[in-house]
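The structure appears below as structure tokens.
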Amino acid sequence: MSNHSRTQSLVFGIPWPELNDGLFYSDVVPHSDSELTLIDFYSRKYKNSAPLQGWLQRIQNGQISVDGRVVKDPNTILSGDSVLVYHRLPWKEPDVPHLLEVLYEDDDMVALNKPSGLQVLPGGLFQQRTVLTQLCWSVKKQNSTLNSQETHPVPVHRLGRGTSGILLCAKTKVAKTRLAAYFADGTSLVGATSNRKAARSGTRKISKIYRALVTGILVDDKVIIDQPIGIVRYPGVAKGLYVASPSGKPALSKVEVLERDEKQNCTLVQVEIESGRPHQIRIHLSFIGHPLLGDPLYIAGGEPRCFDPELVDESFAQDGGYQRPTNPVPGDCGYYLHAHRLVLSHPTTNEMIYITAPLSTILQTSDEANGSPGSVSINSGN
């Protein structure tokens, strides 16, 4: 496809199979861990994956091999340099959408309209049912040559599973490097006051504008939120949960009220983020007392709804891993947040690209027409 092509409502996607392929995790035993038992190795190194009894179950199920041989005795003594392989058995991932709309595509990049509920990259329960998998399958379907080495597009940023809208993907290594740098540069500019002024001076190569529906009525027409975002320990989130934290990293969001609904006690807003912290919009809007309508996790103050960092559920599922957390986690859906517009300098031509993803009815103002299509425009620039 030639540069600057406009895609006419191209939708692609392959239905998900009932079960995924499972996963294989390999380890080489370091000499410092020689003489450990098999159960000690896994229960100590991967305690976030399963409790002790869960790892015992996996070993006794024959899911772990040592140097190519299945071992079911948890007290097997390990030797340095031995190769361990744990096979996570195939499972049915939760139901999610599989269709993706192409908003823009050229030789360097593609912009997709991601539906709410679909995860971008593998993680947790979603190892196959992701945007990345559909991109890979799409390229394989297009290429009839079995030995084709053509790489598939890869996302250069993330959207939360419950967030819909524009997801930018790179098709070449050069585009991936430059687009990733655009996002990283925007975040790095948000810090000291002088850097914020630089961020607003037009030096940024990319601009992201979201639509969101929040609880309550925002009094001010425009609000700038610069609350830092940090990480706390949280049950069910191995790497920790992002929250509003004075000791966190700088983050900046600019909020503009589009419409107030006194009857429903909610406000439709536009949010431009000048940094890209995880769950930034959800955290920032909840921090000022206006969480996203339907957000199951974040409440006023930028904190999680249920917060007991010492509480850990030790029960385990059929595959030996921990049960799905009973408390809300970041991947839970139900809120209204949409990546609506993206403006960027093209990674190879420097032309300004404007991409718009269509809005659902609930995120439109009363004056906006229902079902307005997404659009792309291109201006020459330096």
Side-chain angles (χ1 to χ4, degrees), residues 7 9-27 46 48-50 54-55 57-65 68 70 84-103 105 110-171 236-238 316-325 329-334 357:
T7 305
S9 301
L10 173 62
V11 176
F12 70 94
I14 298 173
W16 307 112
E18 183 70 15
L19 298 177
N20 62 23
D21 297 329
L23 292 171
F24 291 87
Y25 300 91
S26 298
D27 282 284
Y46 297 110
N48 286 329
S49 171
W55 279 114
Q57 177 177 303
R58 289 170 171 179
I59 293 170
Q60 293 164 354
N61 281 349
Q63 293 175 243
I64 296 174
S65 65
V70 173
L84 308 182
V85 177
Y86 156 57
H87 179 205
R88 184 178 179 183
L89 300 177
W91 71 94
K92 185 182 186 302
E93 300 180 18
D95 292 332
V96 297
H98 69 274
L99 294 176
L100 291 160
E101 179 187 7
V102 177
L103 299 171
E105 183 172 16
V110 56
L112 304 174
N113 187 11
K114 186 189 86 68
S116 174
L118 181 59
Q119 190 155 302
V120 175
L121 299 177
L125 291 175
F126 299 95
Q127 295 295 325
Q128 183 179 66
R129 298 185 177 190
T130 66
V131 172
L132 186 64
T133 298
Q134 288 292 350
L135 288 169
C136 183
W137 287 351
S138 176
V139 169
K140 287 182 179 179
K141 185 177 180 180
Q142 293 171 16
N143 296 324
S144 57
T145 308
L146 293 178
N147 295 324
S148 173
Q149 297 298 311
E150 183 178 349
T151 58
H152 59 81
V154 293
V156 292
H157 65 112
R158 297 194 190 193
L159 293 179
R161 191 167 78 83
T163 305
S164 59
I166 303 169
L167 178 70
L168 196 60
C169 305
K171 298 173 68 175
V237 184
F316 55 95
Q318 185 175 358
D319 74 339
Y322 289 107
Q323 295 280 15
R324 194 240 181 258
V329 293
D332 292 344
C333 304

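- Of all non-hydrogen atoms in Leu135 and His152, the two that sit nearest each other are O-CB, 3.9 Å.
- With rounding to the nearest 0.5 angstrom, the CD1 atom of Ile166 is 13.0 Å from the NZ atom of Lys114.
- Residues Pro17 and Gln128 form a side-chain contact, since some pair of their non-hydrogen atoms from C-beta on lies under 4.5 Å apart.
- Interatomic distance, Phe12 CZ to Glu101 CD, rounded to the nearest 0.5 Å: 10.5 Å.
- The aromatic rings of Trp16 and Trp137 sit tilted relative to each other, their planes meeting at an angle between 30° and 60°.
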Notebook entry, point to check: Passes side chain to side chain contact (heavy atoms under 4.5 Å, CB included), Leu132 versus Val120? Steps please.
Noted result: CA-CA 6 Å; Leu132 186 64; Val120 175; over 6 Å; no
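- Between Gly165 and Asn113 the shortest heavy-atom distance is CA-OD1, 3.4 Å.
- If you check the side chains of Gln142 and Ser138, you find a donor sitting under 3.5 Å from an acceptor.
- The minimum heavy-atom distance linking Leu159 with Ser164 is given by the pair CD1-O, 4.1 Å.
- In this structure, Arg158 CZ and Leu121 CG are separated by 4.5 Å, a value rounded to the nearest 0.5 Å.
- Ring geometry, Phe24 versus His87: the interplanar angle falls under 30°, so the pair is classed parallel (tilted spans 30 to 60°).
- Between Leu112 atom CG and Leu99 atom CG the span is 12.0 Å, to the nearest 0.5 Å.
- The shortest non-hydrogen separation linking His98 to Pro15 is CD2-N, 3.6 Å.
- Atom OH of Tyr46 is separated from atom OH of Tyr25 by 9.5 Å, given to the nearest 0.5 angstrom.
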Margin query: Does Gln119 form a side chain to side chain contact (heavy atoms under 4.5 Å, CB included) with Val96? I'd like the steps, not just the answer.
Written below: CA-CA 8 Å; Gln119 190 155 302; Val96 297; over 6 Å; no
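- Annotation for Trp91 and Gly124: closest pair CZ2-O, 4.2 Å, computed over non-hydrogen atoms.
- Closest approach of Leu100 to Pro115, counting heavy atoms only: CD2-CD, 3.7 Å.
- Within the 3.5 Å criterion, the main-chain N or O of Pro94 finds a donor-acceptor partner in the side chain of Arg129.
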Check: Could you go step by step and tell me if Ile14 and Gln134 meet the side chain to side chain contact (heavy atoms under 4.5 Å, CB included) rule?
Finding: CA-CA 7 Å; Ile14 298 173; Gln134 288 292 350; 4.0 Å; yes
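- For the pair Thr130 (side chain) and Pro122 (backbone), a donor-acceptor distance under 3.5 Å is absent.
- With hydrogens and angles ignored, the 3.5 Å screen pairs no side-chain donor or acceptor of Gln127 with any backbone N or O of Gly22.
- Ser26 contributes no side-chain N or O that, together with a main-chain N or O of Val85, makes up a donor-acceptor pair within less than 3.5 Å.
- A donor-acceptor pair is defined here as one N or O able to donate and one able to accept, closer than 3.5 Å; no such pair exists between the side chain of Arg161 and the backbone of Leu118.
- Distance CZ/Arg58 to CD1/Ile64: 8.0 Å, rounded to 0.5 Å.
- Glu93 places no side-chain N or O within donor-acceptor distance of the main-chain N or O of Asn20, the cut-off being under 3.5 Å.
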